[in-house]
Amino acid sequence: LIRNHPELTACLSQLTKETNSAFFELTSKHLLYKAWELLVSQGVPCFAKANDTRLKEIKTAIDYIKPNYSQKITLDQLAESANMSKVYFCRKFTEIVGVSPIHFLMQTRIENSCHMLKNTNIGIGKIAMECGFSSFSYYSEVFKKIMGCTPQSYRHKPASGIPSHN
């Protein structure tokens with residue numbers, strides 16, 4: 001199954017290498033979400049229920065989030081992109097992806113901000129805005145909830161064992 005998916009193979013390979021990392025739990029969670037995202041976004045059929053005809057629509061919503069994460073995105077927009085009602089979309093997205101659409105959007109924004117924190121000298125407030133957060137305080141709150149540390153401390157941690165943007 002994964003031999004035909006080089007990104008997934010690399011992700012799972014990295015997961016097996018991180019067992020002794022000081023950030024094992026954080027890194028593992030990040031890599032597992034990434035693997036799940038790759039499986040869903042590539043439409044791997046064994047990860048959808050046989051009677052689930054909505055996988056393609058959920059993939060459309062994920063494909064909408066990826067290039068637009070820095071913009072204001074509402075549940076209404078995501079549901080519309082998947083041709084579903086908002087309530088049904090939230091239920092199906094969570095069922096298929098394993099997290100709510102808003103949580104997935106926040107993870108995508110935080111993942112991109114991590115890349116910027118490690119690879120640029122852009123100020124943290126500007127990174128927050130460029131990644132779609134309306135305020136620095138909300139960004140910091142979400143960042144800490146997902147990453148377990150503040151953006152400032154993340155920026156200064158050694159790169160080893162910390163999830164990277166692929």
Side-chain angles (χ1 to χ4, degrees), residues 1-2 4-16 18 23-116 127-135 137-151 154 162-166:
L1 171 69
I2 66 171
N4 297 329
H5 298 88
E7 274 187 280
L8 181 58
T9 303
C11 184
L12 295 175
S13 175
Q14 186 179 354
L15 180 62
T16 61
E18 295 294 339
F23 302 99
F24 175 71
E25 184 177 338
L26 176 63
T27 304
S28 297
K29 183 177 179 182
H30 169 79
L31 291 170
L32 288 170
Y33 275 127
K34 185 74 175 169
W36 183 249
E37 174 193 338
L38 289 167
L39 290 168
V40 171
S41 69
Q42 293 178 12
V44 177
C46 68
F47 286 89
K49 293 181 180 174
N51 63 353
D52 191 348
T53 59
R54 296 298 187 170
L55 180 63
K56 190 174 186 177
E57 287 87 354
I58 297 300
K59 181 184 179 312
T60 301
I62 290 171
D63 290 344
Y64 179 82
I65 289 171
K66 289 302 184 178
N68 296 300
Y69 72 89
S70 64
Q71 306 301 312
K72 180 179 180 181
I73 297 176
T74 66
L75 277 175
D76 288 326
Q77 289 172 303
L78 294 174
E80 186 178 321
S81 77
N83 296 315
M84 296 180 199
S85 73
K86 186 165 58 170
V87 171
Y88 186 71
F89 169 74
C90 287
R91 186 165 39 96
K92 291 311 267 181
F93 191 100
T94 302
E95 184 181 304
I96 291 170
V97 179
V99 296
S100 73
I102 295 302
H103 188 85
F104 182 84
L105 173 60
M106 292 301 124
Q107 284 180 272
T108 301
R109 288 176 171 170
I110 295 299
E111 180 181 323
N112 282 282
S113 78
C114 286
H115 176 72
M116 293 174 77
I127 289 173
M129 298 302 151
E130 287 185 16
C131 288
F133 290 93
S134 57
S135 74
S137 60
Y138 183 59
Y139 166 68
S140 292
E141 178 185 324
V142 173
F143 192 98
K144 189 166 187 172
K145 188 181 291 185
I146 291 175
M147 299 302 292
C149 63
T150 66
Y154 178 87
I162 296 178
S164 61
H165 176 73
N166 291 330

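These numbers come from a predicted model, not from an experiment. We count residues from 1, following the sequence as given.
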Handout entry: Gap separating the CG atom of L105 from the NZ atom of K66, nearest 0.5 angstrom
Key = 10.0 Å
Practice task
Taking the side chain as every heavy atom from C-beta outward, state whether Y69 and Q107 have any pair of such atoms under 4.5 Å apart.
Solution key: no
Exercise for the section: Taking side chain to side chain donor-acceptor pair (under 3.5 Å) as the test, write out the residues that go with S134, two or more places apart. Expected result: none
Practice task
Could you tell me whether the side chain of Y138 reaches within less than 4.5 Å of the side chain of M106, counting heavy atoms only?
Solution key: yes
Problem - F143 side chain reached by C114 side chain, heavy atoms, under 4.5 Å - result: yes
Completion exercise
T60 meets the side chain to side chain contact (heavy atoms under 4.5 Å, CB included) criterion, sequence neighbours left out, with none
Exercise for the section: Under the ring pair (Phe, Tyr, Trp, His ring centres under 6.0 Å) rule, collect the residues that match up with F89, sequence neighbours excluded. Expected result: F93
Practice task
Keeping the roles fixed (side chain from S113, backbone from I110), state whether a donor-acceptor pair exists under 3.5 Å.
Solution key: yes
Problem - Atom of N68, atom of I73 and distance for their closest heavy-atom approach - result: O-CD1, 3.2 Å
Exercise for the section: Could you give me the CA-CA distance, side-chain angles and deciding distance for D63 and K59, then say whether side-chain contact (heavy atoms from CB on, under 4.5 Å) is met? Expected result: CA-CA 6 Å; D63 290 344; K59 181 184 179 312; 2.7 Å; yes
Completion exercise
When rounded to the nearest 0.5 Å, the distance separating CD of E141 from CD1 of I146 is 10.5 Å
Fill in the blank from the handout: Those residues at least two apart in sequence (or on a different chain) that pass side chain to side chain contact (heavy atoms under 4.5 Å, CB included) with S70 are none
Handout entry: Listed partners of T150 passing side chain to side chain donor-acceptor pair (under 3.5 Å), at least two apart
Key = S153
Completion exercise
Closest non-hydrogen atoms of I65 and P101, given as atom of the first, atom of the second and distance, are CD1-O, 4.5 Å
Handout entry: M116 to E130 - nearest heavy-atom pair and separation
Key = CE-OE1, 3.0 Å
Problem - Residue list, side chain to side chain donor-acceptor pair (under 3.5 Å) with S100, at least two apart or on another chain - result: none
Run the side-chain donor-acceptor check on residues 78-86: report pairs under 3.5 Å with partners two or more places apart or on a different chain.
residue	atom	partner	partner atom	Å
S81	OG	L78	O	2.7
S85	OG	Y88	N	3.2

